[in-house]
Asks: 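Here you go, one structure.
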Protein chains: 2
Amino acid sequence: MGIGTLASRAGCQVQTVRYYEQIGLLPPAMRNAGNQRRYDNATLRRLTFIRHARDFGFSVEAVRELLGMADHPDMPCDHADAIAKRHLEEVEARIERLSALRDELKRMVAQCAGGRVDECRIVEVLSDHQQCLHAADHGGQQTIR
Amino acid sequence: MGIGTLASRAGCQVQTVRYYEQIGLLPPAMRNAGNQRRYDNATLRRLTFIRHARDFGFSVEAVRELLGMADHPDMPCDHADAIAKRHLEEVEARIERLSALRDELKRMVAQCAGGRVDECRIVEVLSDHQQCLHAADHGGQQTIR
DNA sequence: ATAAAACCTAAAGCCGCTATAGCTTCAAGA
DNA sequence: TCTTGAAGCTATAGCGGCTTTAGGTTTTAT
């Protein structure tokens with residue numbers, strides 16, 4: 001099949017397929033006489049795996065490792081387990097930080113009386129030197145799509 | 001004060017201050033005889049405002065608008081309120097998506113028996129053609145720091 | 001006087017794609 | 001067979017919000 005068919009079957013864009021080839025998640029594709037990429041079902045399965053893993057929020061580097069493991073079915077799966085657990089922890093940490101943020105925002109919005117800017121609780125909170133959040137989300141691969 | 005003092009008082013990096021000047025969040029700084037930036041307390045307050053707003057997860061564009069409003073204390077604060085409310089909604093949506101993701105990950109991890117890769121539930125779920133998440137997080141300014 | 005620390009500019013890198021520009025090849029209909 | 005439009009190709013730039021690097025200048029402390 002061509003790259004368009006592959007992409008639509010895997011649920012991603014054509015450029016994304018080329019990008020994955022470029023960064024080595026997919027092997028260099030076979031080409032037809034006119035230099036266009038041709039794919040088999042094995043590549044479709046690989047791409048589907050990649051997309052699922054990305055949908056789960058795994059980073060490209062994690063996907064690379066998971067792919068490496070999927071390629072060796074006879075090996076123990078401890079490492080896959082560890083990667084998934086670590087990712088779960090990161091997601092949970094992110095949820096916690098965002099929840100704290102949500103609470104602060106809620107309080108802020110609730111206290112805005114809707115008058116002039118100089119009476120506005122929103123602007124006030126942001127101006128306040130004392131206020132500190134430290135809700136640091138040093139987000140890694142947070143674009144979960 | 002110099003840029004280092006300013007940055008440390010506002011709790012950010014020196015380069016970030018220069019970056020904010022470059023994108024127009026901070027006005028072009030005064031310079032001393034040796035071309036080094038000098039700041040007053042008004043700029044420190046402005047930078048602190050910016051950092052707080054960023055800590056709250058507001059995008060730079062939103063911060064730009066909020067700053068514009070903070071500069072006009074006599075205007076009505078409807079728009080500040082609207083920006084904050086919209087941001088709150090986005091944060092809540094993000095939490096929901098991440099929570100769904102967390103549940104999926106938990107299930108996945110719980111089902112891994114710790115054997116070989118070809119029996120591993122983690123690899124299996126990712127390989128499965130049927131599985132779909134659609135937990136799309138088309139994250140805007142999600143790096144909350 | 002000297003050395004270390006802080007400062008300067010300009011440009012590239014990060015992540016994971018997405019979009020653009022300017023071409024070539026393919027497939028279907030007349 | 002010819003034509004047209006869709007799909008494909010490569011290379012490069014752009015997104016957000018900084019961070020890092022390179023290579024230089026100025027300030028500050030001893």
Side-chain angles (χ1 to χ4, degrees), chain A residues 1-26 28-39 47 50-64 66-67 87 90 94 135-145, chain B residues 1-26 28-39 47 50-65 67 87 90 94 135-145:
Chain A
M1 73 193 89
I3 195 170
T5 307
L6 178 80
S8 74
R9 287 194 189 163
C12 72
Q13 299 220 33
V14 165
Q15 297 101 309
T16 307
V17 177
R18 288 195 281 248
Y19 172 70
Y20 287 161
E21 178 181 324
Q22 194 186 313
I23 64 172
L25 282 191
L26 292 176
M30 302 288 171
R31 305 294 183 117
N32 70 2
N35 197 36
Q36 302 195 351
R37 291 170 178 84
R38 293 297 128 178
Y39 296 98
L47 179 55
I50 295 169
R51 289 310 315 165
H52 281 166
R54 294 287 303 126
D55 285 346
F56 272 98
F58 290 101
S59 72
V60 164
E61 277 321 294
V63 174
R64 211 184 287 276
L66 290 169
L67 275 172
H87 183 48
E90 284 165 6
R94 201 125 51 84
D137 185 75
H138 293 283
Q141 67 300 344
Q142 70 281 64
T143 301
I144 285 166
R145 295 183 42 85
Chain B
M1 72 194 90
I3 194 172
T5 307
L6 178 80
S8 74
R9 287 194 189 162
C12 72
Q13 298 219 29
V14 165
Q15 296 99 311
T16 306
V17 177
R18 289 195 282 247
Y19 172 71
Y20 286 161
E21 178 180 324
Q22 194 186 312
I23 64 172
L25 283 191
L26 292 177
M30 301 288 171
R31 305 295 182 118
N32 70 1
N35 198 36
Q36 301 194 351
R37 291 169 178 84
R38 293 296 128 180
Y39 295 98
L47 179 55
I50 295 169
R51 289 311 313 165
H52 280 166
R54 295 285 305 125
D55 286 345
F56 272 98
F58 289 102
S59 72
V60 163
E61 277 323 293
V63 174
R64 211 184 287 275
E65 294 196 69
L67 275 172
H87 183 49
E90 284 165 7
R94 201 125 51 83
D137 185 74
H138 293 282
Q141 67 299 346
Q142 70 281 65
T143 301
I144 287 168
R145 293 180 45 84

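Below, all heavy atoms of this structure are taken into account, side chains as well, without hydrogens, waters or symmetry copies.
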Asks: Just call it for B:Arg18: base, sugar-phosphate, or nothing, with non-hydrogen atoms closer than 4.0 Å on any strand.
Replies: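 Base: the residue B:Arg18, judged by heavy atoms under 4.0 Å, touches a nucleobase.
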Asks: Quickly work out the B:Met30 CE to C:dC8 P distance and round it to whole Å.
Replies: 15 Å
Asks: Just call it for B:Ile3: base, sugar-phosphate, or nothing, with non-hydrogen atoms closer than 4.0 Å on any strand.
Replies: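 Here B:Ile3 touches the backbone only, sparing every base.
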Asks: Can you check the A:Gln36 CD to D:dG8 P distance for me, whole Å?
Replies: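 One finds 7 Å between P of D:dG8 and CD of A:Gln36, rounded.
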Asks: Expressed in angstrom and rounded to an integer, what is the separation of B:Gln13 atom CD from C:dC14 atom P?
Replies: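 So the CD-P distance, B:Gln13 to C:dC14, works out to 17 Å.
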Asks: Report the distance from atom OG1 of A:Thr5 to atom OH of A:Tyr39, rounding to the nearest 0.5 Å.
Replies: 11.0 Å
Asks: Is any side-chain N or O of B:Asn32 closer than 4.0 Å to OP1 or OP2 of D:dT27?
Replies: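 So the side chain of B:Asn32 is within the cut-off, an N or O lying under 4.0 Å from OP1 or OP2 of D:dT27.
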Asks: Using heavy-atom distances to pick each residue's nearest nucleotide on DNA chain C, tell me which of A:Glu61 and B:Arg37 is more 5'.
Replies: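 Result: B:Arg37.
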Asks: So, is B:Arg54 near the phosphate of D:dC18, with a side-chain N or O under 4.0 Å from OP1 or OP2?
Replies: yes
Asks: Could you go over nucleotides 28-30 of chain D and give all protein N or O partners under 3.5 Å, atom names and distances?
Replies:
none

Asks: Quick one: A:Leu47 CG to C:dG16 C1', roughly how many Å, whole number?
Replies: 14 Å
Asks: Would you indicate whether the side-chain heavy atoms of B:Gln15 and B:Tyr20 approach each other to under 4.5 Å?
Replies: no
Asks: State plainly whether the residues B:Glu61 and B:Arg64 are in salt-bridge range, i.e. N to O under 4.0 Å.
Replies: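 A salt bridge links B:Glu61 with B:Arg64.
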Asks: Let me know, please, whether A:Gly34 or A:Tyr19 comes out on the 5' side of the other along DNA chain C by nearest nucleotide.
Replies: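 Upstream on the strand: A:Tyr19.
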